[in-house]
Trainee: 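Below is one structure. I have some questions about it.
Note that the structure is a prediction, hence the values are computed from the model and not measured. Lettering follows sequence order; numbering is per chain, from 1.
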Number of protein chains: 2
Amino acid sequence: MSSRAHPGGKVTIAEVAQRAGVSKGSVSLAMNDKPGVSAATREKILRVAKELGWLPNQAARSLSSASTQVNNIGLVIARPARMLGLEPFYMEFISGIESVLAERSHSLLLRLVRDVEEEIEVHDGWGRSKQISGSIVVDFTVDDPRVPALRASRLPVVAVGHPDLTGGLPSVWTDDGAAITEAVHYLAALGHRRLARVGGPPSLGHSAIRTEAFVKAVAGLNLEPARIVPTDFSGEQGARATRALLASAQRPTAILYDNDIMAVAGLSVATEMGVAVPTELSLLAWDDSQLCRLTHPPLSAMSHDVFVFGAEVARLLMGIIDHGEAEAGHAAPTPVLVPRGTTARLR
Amino acid sequence: MSSRAHPGGKVTIAEVAQRAGVSKGSVSLAMNDKPGVSAATREKILRVAKELGWLPNQAARSLSSASTQVNNIGLVIARPARMLGLEPFYMEFISGIESVLAERSHSLLLRLVRDVEEEIEVHDGWGRSKQISGSIVVDFTVDDPRVPALRASRLPVVAVGHPDLTGGLPSVWTDDGAAITEAVHYLAALGHRRLARVGGPPSLGHSAIRTEAFVKAVAGLNLEPARIVPTDFSGEQGARATRALLASAQRPTAILYDNDIMAVAGLSVATEMGVAVPTELSLLAWDDSQLCRLTHPPLSAMSHDVFVFGAEVARLLMGIIDHGEAEAGHAAPTPVLVPRGTTARLR
DNA sequence: GAACGTGTCTATAGCGGTTCAGTCGATTTT
DNA sequence: AAAATCGACTGAACCGCTATAGACACGTTC
């Protein structure tokens, strides 16, 4: 194989070296801006490389140098695909992340899995094959098996969840307990004494935290014992839960939902069952996407900026990747009560 | 949880081979389900590999075999991050894609960029470094510069857009022309003679196609010349466009929007300006996410299942990756008119 | 003038896999 | 019984690059 004009075929460092009349080693040095080649030689090499349209093969490079430089951030979500599209939370969260990644020329490697075991597996695979330089982890449970797994891998990680759940991993979280307490106090102030909560799966850490705060706040105010209905966050289950609550003997006069999808569904159910909102029943949503402003009446909600939250998470991760694990994380602003048309004084 | 790790960390094929009492070659064969090892040996090798927690190093693998097997699909979007979270279309589209990828253990590599040049660059980088095994490309313009670039790279690709725009790349598209025509005929049948369209950027191919069909349908029915207002698809611009249309001397009696966000915003504007919907003004949305059912009155829309559409795109791409470029693509079901509360006979 | 730096550049040994020409028994064919 | 066939398995040659020890020419220093 000699200096044939390399038609269309793959160019390698060897060919560049030969054409430039130097060794492969010199080409490598020149391409990586390392000392050891004279300015003249370096320039010549770069010229030839450009001429041949050569770019170093990433695989070969990372094989020999161990240090791969990929610009990908991982995100594994253990929920059904359909939910991603329907839950405004995830989209806003992801777009917040992307807003930070984009300005740093990073991409998001997104994967949906069935369960935590698969999640750990995927994560491990990504780490090993060096497909990501860091990762964002969500939906922590109590004693989450991912915590030890993530500590073991040396991959930079930011956990989304309360420090109680994330076992010392750098975290960003919202103070759900405080928000729930505010919500309960607000409803109590409106005269409600029989509250219910349509929450997420009890296994989910933040759902458990909210439930606990809810029960505590209700007890603290001497309200009637609260009913908690667990769901999978879907509109269907939100509707079903609402239907069950409203059909029960001592139906609640106020319901607090764990996201806005379920609140929207709950509002429809109330209407369909002839329960007047907000005169007979108050509803309070969580997350507060644009959905809440569109219903009739518009939904009162515990509002927080999920886009900014996602961006914050990404920013922390980039910081850790750049400067090592300096920060331990921090809380994001507590959700704020935005009263609209679905909460009112009990008549 | 997993394997007893093993000091030092990095496990290589050599170690697995030694521990299993076979050669590196056999391990490779066993791991890749290739013939040449007995069932017993294969099983033993796999056991040892799992025990050591070994997974083949991607870089090494792709170096030697040229054919890398990464399970990532690329998607580059040249739009601002904020829009991703707000536009139900993208989220549904992405979750549809994920629904197919998940069952095939694939991930989505998602990147937001500023412009087409950057998009080509990113794409090229992904291809070269073998980070993806295929890609989905959206938002085609007329004479899109990505078409030649994509043809040049041998990467499997599915284009989302009408064949007129995608220059022979395998494509999936919706017959927007037919849908627009149906919409116009419907509005005309309700007695509307002064229509307007709030569309996307004219540079965008599918937007241009819709505009052309719109103008043609309007002309074909001898309606008054139609007004077209271009936007960037955002709610703000949708509101502004609607405001301008309604404030004009000869205001239209029906407006057709290019997505549902703008239709929702437009409905608010009409209400705020005291224009009665649907008695004085009919509004027709596009895409039809859950938003359309929440407004008051609920939005009539040209409805199509974006989730299924995304899944279809992903399925075609997986097919091409598996069996080579067999299919040329196909049209997805044409959007269907769903009349709700914002369209009515002109009184 | 011998020993020592110094700055360039070369040769070569890996990195961790895949691939393939062979080796080696056991089984089948002649 | 010898030859041919066959499946299982090995050994070594790559893949394209980086890292590093050494070769070489050219001053310096003592």
Side-chain angles (χ1 to χ4, degrees), chain A residues 1 6 9-49 52-70 124-131, chain B residues 6 8-50 52-71 125 127-131:
Chain A
M1 16 222 54
H6 72 280
K10 64 232 56 190
V11 192
T12 75
I13 197 177
E15 174 141 8
V16 176
Q18 196 209 17
R19 283 282 248 270
V22 297
S23 71
K24 299 195 304 176
S26 302
V27 176
S28 177
L29 294 179
M31 283 303 288
N32 297 323
D33 268 332
K34 293 191 176 175
V37 278
S38 66
T41 314
R42 181 184 307 265
E43 196 188 332
K44 173 166 197 179
I45 291 174
L46 294 181
R47 218 193 51 237
V48 173
L52 294 170
W54 175 75
L55 284 178
N57 174 318
Q58 273 319 118
R61 168 178 269 184
S62 73
L63 218 208
S64 55
S65 64
S67 70
T68 326
Q69 175 56 1
V70 287
D124 212 47
W126 282 353
R128 252 171 226 299
S129 55
K130 300 189 180 149
Q131 294 191 62
Chain B
H6 146 81
K10 66 230 62 177
V11 190
T12 75
I13 198 175
E15 173 141 10
V16 176
Q18 194 209 11
R19 284 280 248 273
V22 297
S23 71
K24 298 196 305 175
S26 301
V27 175
S28 177
L29 293 179
M31 284 303 289
N32 297 318
D33 269 331
K34 293 193 176 172
V37 278
S38 65
T41 313
R42 181 184 308 265
E43 197 188 331
K44 173 166 197 180
I45 291 174
L46 294 180
R47 219 193 51 239
V48 172
K50 170 162 285 180
L52 294 170
W54 175 75
L55 285 178
N57 174 318
Q58 280 310 126
R61 169 178 268 182
S62 74
L63 219 209
S64 54
S65 63
S67 68
T68 327
Q69 176 57 2
V70 286
N71 289 344
R128 231 174 242 302
S129 56
K130 299 191 180 149
Q131 293 189 61

Trainee: Mind checking the NZ-CG spacing from B/K50 to B/L52? Nearest 0.5 Å is all I need.
Mentor: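 It is 12.5 Å, given to the nearest 0.5 Å.
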Trainee: Starting from C1' on C/dT10, measure out to CD on A/Q18 and report it in whole angstrom.
Mentor: 15 Å
Trainee: In Å, rounded to the nearest 0.5 Å, how long is the span from CD of A/Q58 to CG of A/L63?
Mentor: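 It is 12.0 Å, given to the nearest 0.5 Å.
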Trainee: Would you say C/dG17 has OP1 or OP2 under 4.0 Å from some side-chain N or O of B/W54?
Mentor: yes
Trainee: Could you tell me the separation between the CG atom of A/L55 and the P atom of D/dT18, rounded to a whole number of Å?
Mentor: 12 Å
Trainee: Using a 3.5 Å distance criterion without hydrogens, assess whether the side chain of A/N32 forms a donor-acceptor pair with backbone atoms of A/K34.
Mentor: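 Between the backbone of A/K34 and the side chain of A/N32 there is no qualifying donor-acceptor contact (under 3.5 Å).
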Trainee: Using whole Å, report how far CG of B/L29 lies from P of C/dT19.
Mentor: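 About 9 Å, once rounded to whole Å.
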Trainee: For B/V22, report the nucleic acid contact type (base, sugar-phosphate, nothing); a contact means any heavy atom under 4.0 Å.
Mentor: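 The residue B/V22 makes sugar-phosphate contact but no base contact.
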Trainee: Which of residues 32-47 of chain A have a heavy atom under 4.0 Å from DNA chain D?
Mentor: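 Those residues whose heavy atoms fall under 4.0 Å from DNA chain D, taken from residues 32-47 of chain A in numerical order, are A/N32, A/K34.
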Trainee: Between C/dA13 atom C1' and A/K24 atom NZ, what is the distance in whole Å?
Mentor: 10 Å
Trainee: Of the listed nucleotides (D/dT18, D/dG16, C/dT18), which one gets closest to any side-chain atom of B/R61?
Mentor: C/dT18
Trainee: Just N and O in the side chain of B/S26: are any of them under 4.0 Å from OP1 or OP2 of D/dT10?
Mentor: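 For B/S26, the contact criterion (side-chain N or O under 4.0 Å from OP1 or OP2 of D/dT10) is met.
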Trainee: I need the CD1-P distance between A/I13 and D/dA19, as an integer number of Å.
Mentor: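 About 11 Å, once rounded to whole Å.
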Trainee: If I take atom CG in residue B/L63 and atom P in nucleotide C/dT19, what distance separates them, rounded to the nearest angstrom?
Mentor: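 One finds 13 Å between P of C/dT19 and CG of B/L63, rounded.
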Trainee: Atom CG in B/L55, atom CD1 in B/I13: separation rounded to 0.5 Å?
Mentor: 12.0 Å
Trainee: What is the distance from CD of A/Q58 to P of C/dG17, rounded to the nearest Å?
Mentor: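 In whole Å, C/dG17 P lies 19 Å from A/Q58 CD.
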Trainee: OP1, OP2 of D/dC17 versus side-chain N and O of A/S64: anything below 4.0 Å?
Mentor: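 It does not, given that no N or O in the side chain of A/S64 lies less than 4.0 Å from OP1 or OP2 of D/dC17.
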Trainee: Under the side chain to side chain contact (heavy atoms under 4.5 Å, CB included) rule, what do B/L46 and B/R42 come out as? Steps first, then yes or no, please.
Mentor: CA-CA 6 Å; B/L46 294 180; B/R42 181 184 308 265; 4.1 Å; yes
Trainee: In Å and rounded to the nearest 0.5 Å, what is the NZ to CG distance from B/K24 to B/L29?
Mentor: 12.5 Å
Trainee: When all nucleic acid strands are considered with a 4.0 Å heavy-atom cut-off, which category describes B/T12: base, sugar-phosphate, or nothing?
Mentor: sugar-phosphate
Trainee: Using a 4.5 Å cut-off on heavy atoms from C-beta on, say whether the side chain of A/T12 contacts that of A/N57.
Mentor: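 Answer no - side chains too far apart.
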Trainee: Please determine, for the side chain of A/S23, which listed nucleotide (C/dT18, C/dT10, D/dA19) has the closest atom?
Mentor: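 So the side chain of A/S23 is nearest to C/dT10.
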